[in-house]
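The block underneath contains the structure these notes are about, expressed in structure tokens.
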Amino acid sequence: MEPMNKEELLALDRRLVWHAFSQMSEYNGLIIESAEGCWLTDIDGRRILDGASSLWCNVHGHKNPTIDQAIKDQLEKVAHVTNLGMSHPVSITLAKRLVETAPHGLNHVFFCGDGASAVEVAMKIAFQYWIQTGELQRTKFLALGSAYHGDTLGTVSLGGVPRFHEMFKPILFPVLRGPCPEIRTQSKFRMYEEDPASKEFYLSQYRELLEQNKGQIAGVVVEPLMQCAAGMVMQPAGFLRGIADLCREFNTLLIVDEIAVGLGRTGRLYASQWEDVEPDLMCIGKGLTGGYLPMSATLTTSKIFEAFLGDASKTLYHGHTYGGNPLCAAAAHASLDLLMDKLSSEDFCFRLTQLQNRLKKLANHDDVASVTQLGALGAVVLKQGSPRAKAICDVALQQGVWLRPLGNCIPIVPP
Ligand SMILES: Cc1ncc(COP(=O)(O)O)c(C=O)c1O
């Protein structure tokens with residue numbers, strides 16, 4: 001194909017490409033031609049700092065030599081084989097590493113393509129598990145207020161962000177919903193910390209819902225520690241532990257969605273590990289391949305896996321064409337190598353402290369309602385009536401920083 005100039009590309013982009021979560025009538029194209037480390041380079045050669053890790057994925061930045069090489073090496077062998085009834089060494093060894101590093105008890109890995117599909121299969125596994133263990137009345141899911149778990153209809157049913165989800169209500173299935181658990185400190189700077197009054201308040205509401213629906217709940221779905229797409233809403237410390245205990249008490253399954261908070265974002269490999277929680281199902285995605293290729297996974301326990309063994313009727317009839325793809329698996333191996341080194345490095349701790357210090361300063365600004373930080377996840381939440389987050393992000397872009405607003409919240413999620 002003939003090379004095109006910038007104007008031609010922009011015109012085609014506006015006319016042909018329907019961009020995700022974008023009002024196309026206002027869409028102003030930003031065309032990125034290359035990237036390296038934390039920097040994107042646009043078609044004019046302008047360098048732009050990637051303040052959102054290309055949507056919370058590029059854990060190690062762009063064009064990382066280790067991940068590049070791992071993908072090239074894998075390309076020499078095989079780019080794709082299905083995982084329906086066959087396998088290959090890289091996905092097998094990746095499953096082994098994921099099991100070894102995941103919260104205790106998660107011994108089996110179901111590979112998918114993106115975050116939403118990992119949550120969808122977690123729901124289907126939970127639902128079918130109860131059917132196959134004789135508790136046919138356990139058909140409901142309990143989700144958090146303001147939850148976001150993806151954009152497929154199952155995950156939209158779980159979702160509780162009116163702006164994204166309300167419109168589709170007539171075609172969604174009903175989900176039980178508790179309040180949005182939120183730390184309530186006096187300080188405008190919110191970290192992951194104790195707030196016993198809030199914790200007890202929210203847990204009592206979830207207990208009530210579990211009591212009212214005793215024996216009917218297939219699973220409780222939680223994004224642990226911080227609900228990111230809700231606007232980086234921090235939960236009080238101990239809330240996750242409390243929910244895990246409630247799940248045990250009411251004999252239901254705990255499904256954690258670590259798609260945004262997992263893979264090192266919070267400073268530990270998985271957010272659940274901050275509270276020693278052992279979920280029944282855990283969904284991971286985004287940073288799994290270091291932001292290179294679409295791969296996600298749902299991990300589960302032997303107790304659940306074994307309930308699917310037997311004759312054909314017990315099979316999990318679910319799959320995605322590219323689930324467990326070897327190129328993705330090779331990228332994930334390389335990303336995990338880097339991540340394991342990074343999480344134990346002093347440099348990483350130093351950088352998190354730097355991020356914290358700078359975010360703290362922003363909390364003093366008159367237009368800022370609050371600032372949140374959990375590891376390498378940060379956010380500035382604006383007061384009602386202050387300049388719109390989108391306008392601020394537009395100015396940031398003019399100054400060379402790419403940030404993507406979420407309502408009145410500006411997430412800061414650097415590589
Ligand atoms: C917590 C959480 N779950 C699920 C998803 C959906 O992931 P994907 O966009 O890869 O389908 C996201 C995406 O932002 C997310 O933040």
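All ligand and atom numbering here is 1-based and tracks the order in the structure.
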Output block, N or O contacts of ligand 1, threshold 3.5 Å exclusive:
from: ligand 1; atom 1: 3 (N); to: Asp257; atom 2: OD1; distance (Å): 3.4
from: ligand 1; atom 1: 3 (N); to: Asp257; atom 2: OD2; distance (Å): 2.6
from: ligand 1; atom 1: 10 (O); to: Gly115; atom 2: N; distance (Å): 2.8
from: ligand 1; atom 1: 11 (O); to: Gly115; atom 2: N; distance (Å): 3.3
from: ligand 1; atom 1: 11 (O); to: Ala116; atom 2: N; distance (Å): 2.8
from: ligand 1; atom 1: 14 (O); to: Lys286; atom 2: NZ; distance (Å): 3.1

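By the neighbour-count criterion of 12 heavy atoms within 6.0 Å, atom CZ of Arg351 is sparsely surrounded, having that number or fewer from other residues, nucleotides or ligands. Annotation: Arg358, atom CZ; neighbour count of heavy atoms from other residues, nucleotides and ligands within 6.0 Å does not exceed 12. Heavy-atom neighbours of Arg46 CZ from other residues, nucleotides or ligands within 6.0 Å: above the threshold of 12.
How far CD of Gln216 is from CG of Leu136: 13.0 Å, rounded to the nearest 0.5 Å. Atom CD1 of Ile48 sits about 12.5 Å away from atom CD of Gln399, to the nearest 0.5 Å.
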Could you pull out all donor-acceptor pairs under 3.5 Å where a side-chain atom in residues 141-160 meets a protein atom, sequence neighbours excluded?
from: Tyr148; atom 1: OH; to: Asp151; atom 2: OD1; distance (Å): 3.0
from: Tyr148; atom 1: OH; to: Asp151; atom 2: OD2; distance (Å): 2.8
from: His149; atom 1: ND1; to: Asp257; atom 2: OD2; distance (Å): 2.7
from: Thr152; atom 1: OG1; to: Glu120; atom 2: OE2; distance (Å): 2.5
from: Thr152; atom 1: OG1; to: Thr155; atom 2: OG1; distance (Å): 2.8
from: Thr155; atom 1: OG1; to: Gly150; atom 2: O; distance (Å): 3.3
from: Thr155; atom 1: OG1; to: Asp151; atom 2: N; distance (Å): 3.3
from: Thr155; atom 1: OG1; to: Thr152; atom 2: N; distance (Å): 3.0
from: Thr155; atom 1: OG1; to: Thr152; atom 2: O; distance (Å): 2.9
from: Ser157; atom 1: OG; to: Leu153; atom 2: O; distance (Å): 2.8
from: Ser157; atom 1: OG; to: Phe173; atom 2: N; distance (Å): 3.1

